[in-house]
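Accompanying notes for the structure given below.
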Amino acid sequence: MALPFARLLCLCRRGAERLGLAAAEARRGISFKLEEKTAHSSLALFKGDTGVKYGIVGLEPTKVALNVERFREWAVVLADTAVTSGRHYWEVTVKRSHQFRIGVADVDMSRDSCIGVDERSWVFAYAQRKWHTMLANEKAPIEGIGQPEKVGLLLEYEAQKLSLVDVSGVAVVHTIQTDFRGPVVPAFALWDGELLTHSGLEVPEGL
């Protein structure tokens with residue numbers, strides 16, 4: 001029996017809405033928080049573990065819970081969600097920080113190392129009012145970007161790419177060709193100020 005036109009139209013609309021939601025979910029990147037058990041003793045998490053701030057003195061190491069996952073030498077913290085496939089986008093708000101690094105790292109990178117120093121992390125670093133890429137302690141300058149209040153990161157796992165994104169212009173500033181061999185996680189390091197992460201975002205149109 002043929003369905004009434006009005007009901008058929010309603011079913012079509014519902015189907016289109018579901019397809020639209022599915023497409024939006026497919027574009028949505030990972031949602032993560034910062035993992036306290038990885039945070040160096042000089043770092044403190046805030047705003048529901050989505051932000052990290054640096055303390056000149058920090059916490060006394062004896063007052064920090066012993067954990068093999070914690071970074072011991074450098075002011076680094078990792079996110080709690082690993083990526084093994086797909087395209088993912090998140091943003092970082094920079095507050096009063098003039099020296100920081102943002103990027104991704106292998107989940108099992110050495111806790112005695114720093115992101116950007118070893119070969120298992122890929123980062124964009126800001127220091128002395130300049131941006132540069134870092135891999136295995138090798139630096140390369142990045143032109144065309146100052147110190148914006150917010151930047152984006154686009155991770156393309158299968159394409160082996162990590163890009164720094166100008167949020168205001170929704171444009172890629174620079175891309176690192178990576179060498180992912182397993183799960184990676186968003187990674188952060190800072191030596192002053194605060195960083196606030198924004199995850200679970202859709203990949204912007206045009207990227």
Side-chain angles (χ1 to χ4, degrees), residues 30 32-36 38-46 49-56 58 69-83 88-155 161-167 172-180 183-199:
I30 58 168
F32 63 81
K33 292 185 177 182
L34 304 178
E35 195 159 36
E36 192 281 332
T38 69
H40 184 265
S41 60
S42 65
L43 302 178
L45 306 187
F46 67 97
D49 293 347
T50 61
V52 57
K53 64 177 64 176
Y54 178 81
I56 296 177
E69 295 295 316
R70 192 176 303 283
F71 281 85
R72 293 176 282 273
E73 301 294 331
W74 298 83
V76 176
V77 62
L78 303 180
D80 63 0
T81 305
V83 174
H88 304 274
Y89 176 79
W90 60 95
E91 295 178 348
V92 181
T93 297
V94 181
K95 295 185 176 180
R96 300 180 300 280
S97 183
H98 303 282
Q99 187 175 2
F100 58 88
R101 300 175 188 177
I102 54 177
V104 297
D106 280 0
V107 294
D108 58 353
M109 74 167 286
S110 171
R111 289 342 190 223
D112 292 318
S113 185
C114 184
I115 57 173
V117 172
D118 66 1
E119 296 181 349
R120 305 316 309 158
S121 58
W122 302 263
V123 305
F124 297 101
Y126 184 84
Q128 298 178 337
R129 300 182 180 182
K130 296 180 181 179
W131 284 92
H132 50 268
T133 62
M134 287 192 70
L135 171 61
N137 221 22
E138 294 288 332
K139 298 181 181 180
I142 300 174
E143 304 295 339
I145 184 173
Q147 186 184 16
E149 293 183 356
K150 182 184 290 185
V151 294
L153 288 178
L154 175 64
L155 170 62
K161 294 179 180 179
L162 179 69
S163 299
L164 180 67
V165 177
D166 177 357
V167 173
V172 169
V173 176
H174 192 89
T175 298
I176 300 173
Q177 194 65 45
T178 66
D179 180 28
F180 301 143
V184 296
V185 290
F188 309 86
L190 72 160
W191 291 270
D192 63 357
E194 305 173 2
L195 299 178
L196 181 62
T197 66
H198 313 274
S199 63

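Being a predicted model, the structure only gives us computed values, none of them experimental.
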Distance (rounded to the nearest 0.5 Å) between [X] [atom1] and [Y] [atom2]:
X: Ile102; Y: Leu190; atom1: CD1; atom2: CG; result: 11.0 Å
X: Leu43; Y: Phe71; atom1: CG; atom2: CZ; result: 10.5 Å
X: His88; Y: Leu154; atom1: NE2; atom2: CG; result: 10.0 Å
X: Ile142; Y: Lys130; atom1: CD1; atom2: NZ; result: 13.0 Å
X: Leu135; Y: Asp179; atom1: CG; atom2: CG; result: 8.5 Å
X: Leu164; Y: Thr133; atom1: CG; atom2: OG1; result: 10.5 Å

Heavy-atom check, side chain of [X] versus side chain of [Y], under 4.5 Å:
X: Gln128; Y: Gln99; value: no
X: Val165; Y: Tyr89; value: yes
X: Val184; Y: Leu155; value: yes

For atom [atom1] of [X], decide whether the heavy atoms of other residues, nucleotides or ligands shown that lie under 6.0 angstrom number more than 12.
X: Glu69; atom1: CD; value: yes
X: Trp191; atom1: CH2; value: yes
X: Glu149; atom1: CD; value: no
X: Glu119; atom1: CD; value: no

Looking at [X] and [Y], would you say the former's side chain and the latter's main chain have a donor-acceptor pair under 3.5 Å?
X: Arg101; Y: Phe124; answer: no
X: Arg129; Y: Ala127; answer: no
X: Ser113; Y: Ser110; answer: no
X: Ser199; Y: Phe32; answer: yes
X: His198; Y: Glu91; answer: no
X: Ser97; Y: Glu194; answer: no
X: Asp166; Y: Val173; answer: no
X: Ser163; Y: Val172; answer: no

For His174 and Glu143, run side-chain contact (heavy atoms from CB on, under 4.5 Å): C-alpha distance rounded to whole Å, both residues' side-chain angles, the deciding distance at 0.1 Å, then the answer. CA-CA 9 Å; His174 192 89; Glu143 304 295 339; over 6 Å; no
Looking only at heavy atoms, what is the nearest atom pair of [X] and [Y], with distance?
X: Trp90; Y: Gly103; answer: CZ2-O, 4.2 Å
X: Leu78; Y: Ala187; answer: CD2-CB, 3.5 Å
X: Ala82; Y: Val185; answer: CA-CG1, 3.6 Å
X: Val151; Y: Val167; answer: C-CG2, 3.5 Å
X: Met134; Y: Ala125; answer: SD-CB, 3.9 Å
X: Phe188; Y: Leu34; answer: CE1-CD2, 3.6 Å

Arg72 vs His40, test: side-chain contact (heavy atoms from CB on, under 4.5 Å). Steps then yes/no. CA-CA 6 Å; Arg72 293 176 282 273; His40 184 265; 5.7 Å; no
Strictly under 6.0 Å, is that where the ring centroids of Phe100 and Trp131 end up?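 They qualify: ring centres under 6.0 Å apart.
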Salt bridge between Asp80 and Lys33, side-chain N to carboxylate O under 4.0 Å?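 Not counted as a salt bridge, because no side-chain N and carboxylate O are separated by less than 4.0 Å.
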Residues two or more places apart in sequence or in another chain: which of them pass side chain to side chain donor-acceptor pair (under 3.5 Å) with His98?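 Partners of His98 by the side chain to side chain donor-acceptor pair (under 3.5 Å) criterion come out as none, since no residue qualifies.
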